[in-house]
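Each remark here refers to the structure printed beneath this line.
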Amino acid sequence: MSELIERLAEGLPEDALLTDPDVLASYANDMASFCPAGAPTAVVVPRTVEQVQHTLRTANDLRVPVVPQGARTGLSGAANATDGCVLLSLVRMDRILEINPVDRIAVVEPGVVNATLSRAVNEHGLFYPPDPSSWEMCTIGGNIGTGSGGLCCVKYGVTAEYVLGLDVVLADGRLLTTGRRTAKGVAGYDLTRLLVGSEGSLGIVVRATLALKAEPSRQLALAAEFPSTDAACDAVCRIMEDGHTPALLELMDRTTVRAVNDMTKMRLPETTEALLLAAFDTPDPAPQLRAVGDLCAAAGASEVVPAEDQAESEMLLQARRAALTALEAVKGTSMIDDVCVPRTRLADLLTGTAGIAERHNLTIGVCAHAGDGNTHPTVCFDATDEDESRRARISFDEIMELGLRLGGTITGEHGVGLLKKTWLAEELGPVSLDLHRAVKSAFDPHGILNPGKLF
């Protein structure tokens, strides 16, 4: 390994190459539970594309694995170290290079924090829609690597729909440019879309050209309380069937509501079995909110409470963003599932999850991007209790199996990483898995990029 360190040092400034064992350990893993992390040999924190290229050329020559990282807020173990690897942390590549209001694009480096970009484009009257719950911490590079979603996906879609082009350093250090700056373009294979969600297994994103939208009006929301999750899911189906396109349509079950209250003291209604949040960002949202409120009432809502103003709407949004952190605090550790099902099977997923929780004597809270069927059943457990940890892992897998059985997918936005490798093979099938491996080999012949992840 001394040769690796020496060769890396030849092309990197002193502060970009970290080898102290305690520092290495602090970079070793993301936020996923039950995902092993190896011992890295070095952490490289580059500021330039050339430094990334030097790192990849060196690692490829010596056949050393490279694991790319952003803010390490991921929930699948995709950023976890493998033994002997170089961890390539891209957080210092954090410049917004261009915001173009005419072409409605932004050009950014991978270490730009999602919320930082969002606020910067807002100053130009523009809007970058993807907004993961961790948007104050997560980076654009990480969002691209995992194909992140967010609360407003029901109306605006996920990260992949906003990535127009990429600059990517390949395993051998070559720089690949994909995609375009134009609003339309169909030349060649869509390598940009292929790279989004590839979790650093095909190349290292060093620059992204992102599509922007005109900034919408501020959201106005309502909260609807339901006596059952079935009734809340029925309301979701009614809202979508009636042709509404809310800016967000989010669900929190009773366990989640209580957890959020315990952490934030927001005084959400704890008597409800399910709380549905709907919001619109049209110039005049009042008629749509009334119509959605009526649909919720028809589905059995015990109470429908429109927000009085945007400040109250923002409070409801912050309550939803706090859900996963609040659930983690219930027992000290959580496993956050990411199963997405057709909207028509949403109630079956929640009912099935409740049965799994009861069968294994566990607390499992569910929050969901209900408008697009993307659920986050969150298993709360005490990591120091060996038996409870075992039951938590079993329940997590049972929820994924349930999601597939309902016609869904094992991940709507968090990615596969280490956590869901075996389930990816189950979902893809042998023919698709063979093609995935062939694509990986074409981009990375020596298999140095994030090895052991995905498949």
Side-chain angles (χ1 to χ4, degrees), residues 1-13 16-19 27 38 40-70 78-93 109-111 140-142 144-146 163 165-180 187-209 415-417 434-455:
M1 289 299 104
S2 60
E3 181 183 2
L4 171 66
I5 301 301
E6 289 172 5
R7 289 185 56 179
L8 286 172
E10 290 172 1
L12 296 171
L17 180 59
L18 312 178
T19 57
Y27 279 84
T41 298
V43 173
V44 173
V45 193
R47 293 187 184 275
T48 68
V49 173
E50 291 74 20
Q51 290 168 12
V52 176
Q53 290 180 285
H54 171 71
T55 301
L56 267 293
R57 280 194 292 265
T58 300
N60 195 55
D61 287 348
L62 299 175
R63 306 295 189 263
V64 173
V66 176
V67 177
Q69 295 183 333
N80 283 17
T82 56
D83 284 335
C85 77
V86 173
L87 292 175
L88 185 59
S89 174
L90 298 158
V91 294
R92 291 182 186 169
M93 296 181 70
E109 292 183 325
I140 296 298
I144 291 170
T146 58
V163 182
L166 295 169
D167 284 0
V168 178
V169 177
L170 299 176
D172 60 7
R174 288 180 296 163
L175 184 64
L176 167 70
T177 298
T178 75
R180 63 193 194 279
Y189 294 142
D190 192 349
L191 297 182
T192 304
R193 198 69 176 244
L194 176 64
L195 287 157
V196 176
S198 64
E199 301 185 25
S201 65
L202 302 179
I204 309 299
V205 173
V206 290
R207 186 172 297 180
T209 301
V416 175
D434 283 348
L435 287 172
H436 276 67
R437 288 174 174 145
V439 170
K440 164 73 170 170
S441 181
F443 275 81
D444 178 20
H446 301 300
I448 68 162
L449 292 177
N450 216 3
K453 314 294 171 55
L454 288 167
F455 48 82

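Given the structure is predicted, the values throughout are model-derived calculations rather than measurements.
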- Note on the structure: Closest non-hydrogen contact found for L8 with A42 is CD1-CB, 4.5 Å
- Applying side-chain hydrogen bond (donor to acceptor under 3.5 Å, both in side chains) to R174 and not counting sequence neighbours gives D172
- With sequence neighbours left out, what residues match D434 under salt bridge (charged side-chain N to carboxylate O under 4.0 Å, His left out)? none
- For residues 42-57, pull every pair meeting side-chain hydrogen bond (donor to acceptor under 3.5 Å, both in side chains), keeping only residues two or more places apart or in separate chains. none
- Can you list every pair that meets side-chain hydrogen bond (donor to acceptor under 3.5 Å, both in side chains) and has a residue in residues 200-209, with sequence neighbours left out? none
Side chains of residues 446-455: which donor-acceptor partners sit under 3.5 Å, not counting sequence neighbours?
| unit_1 | atom_1 | unit_2 | atom_2 | d |
| --- | --- | --- | --- | --- |
| H446 | ND1 | R63 | NE | 3.3 |
| H446 | NE2 | R63 | NH2 | 3.2 |
| N450 | OD1 | K453 | NZ | 2.7 |
| N450 | ND2 | A78 | O | 3.0 |
| N450 | ND2 | E199 | O | 2.7 |
| K453 | NZ | A78 | O | 3.1 |
| K453 | NZ | N80 | O | 2.7 |

- Query: Do you know the tightest heavy-atom contact between D444 and A171?
  - Reply: OD1-CB, 3.4 Å
- Task: Taking side chain to side chain contact (heavy atoms under 4.5 Å, CB included) as the test, write out the residues that go with L62, two or more places apart.
- Result: E3, L4, R7, T58, V64
- side chain to side chain contact (heavy atoms under 4.5 Å, CB included) against P445, all qualifying residues, sequence neighbours excluded: none
- Task: Not counting sequence neighbours, which residues clear side chain to side chain contact (heavy atoms under 4.5 Å, CB included) with V52? List them please.
- Result: P46, L56, L88, L90, M93, V169, I204, V206
- List in chain and number order the residues that pass salt bridge (charged side-chain N to carboxylate O under 4.0 Å, His left out) with D167, two or more places apart in sequence or in another chain; answer none if no residue qualifies. none
- For A208 against I144, the heavy-atom pair lying closest together: CB-CD1, 3.7 Å
Show every donor-acceptor pair shorter than 3.5 Å between a side-chain atom in residues 187-195 and any protein atom, with sequence neighbours excluded, or say none if there are none.
| unit_1 | atom_1 | unit_2 | atom_2 | d |
| --- | --- | --- | --- | --- |
| D190 | OD1 | T192 | N | 3.4 |
| D190 | OD1 | R193 | N | 3.1 |
| T192 | OG1 | T178 | OG1 | 2.7 |
| T192 | OG1 | G179 | N | 3.3 |

- Item | Partner set under side chain to side chain contact (heavy atoms under 4.5 Å, CB included) for V45, not counting sequence neighbours | L18, Y27, V43, S89, V91, R92
- Q69: side-chain hydrogen bond (donor to acceptor under 3.5 Å, both in side chains) partners, not counting sequence neighbours: none
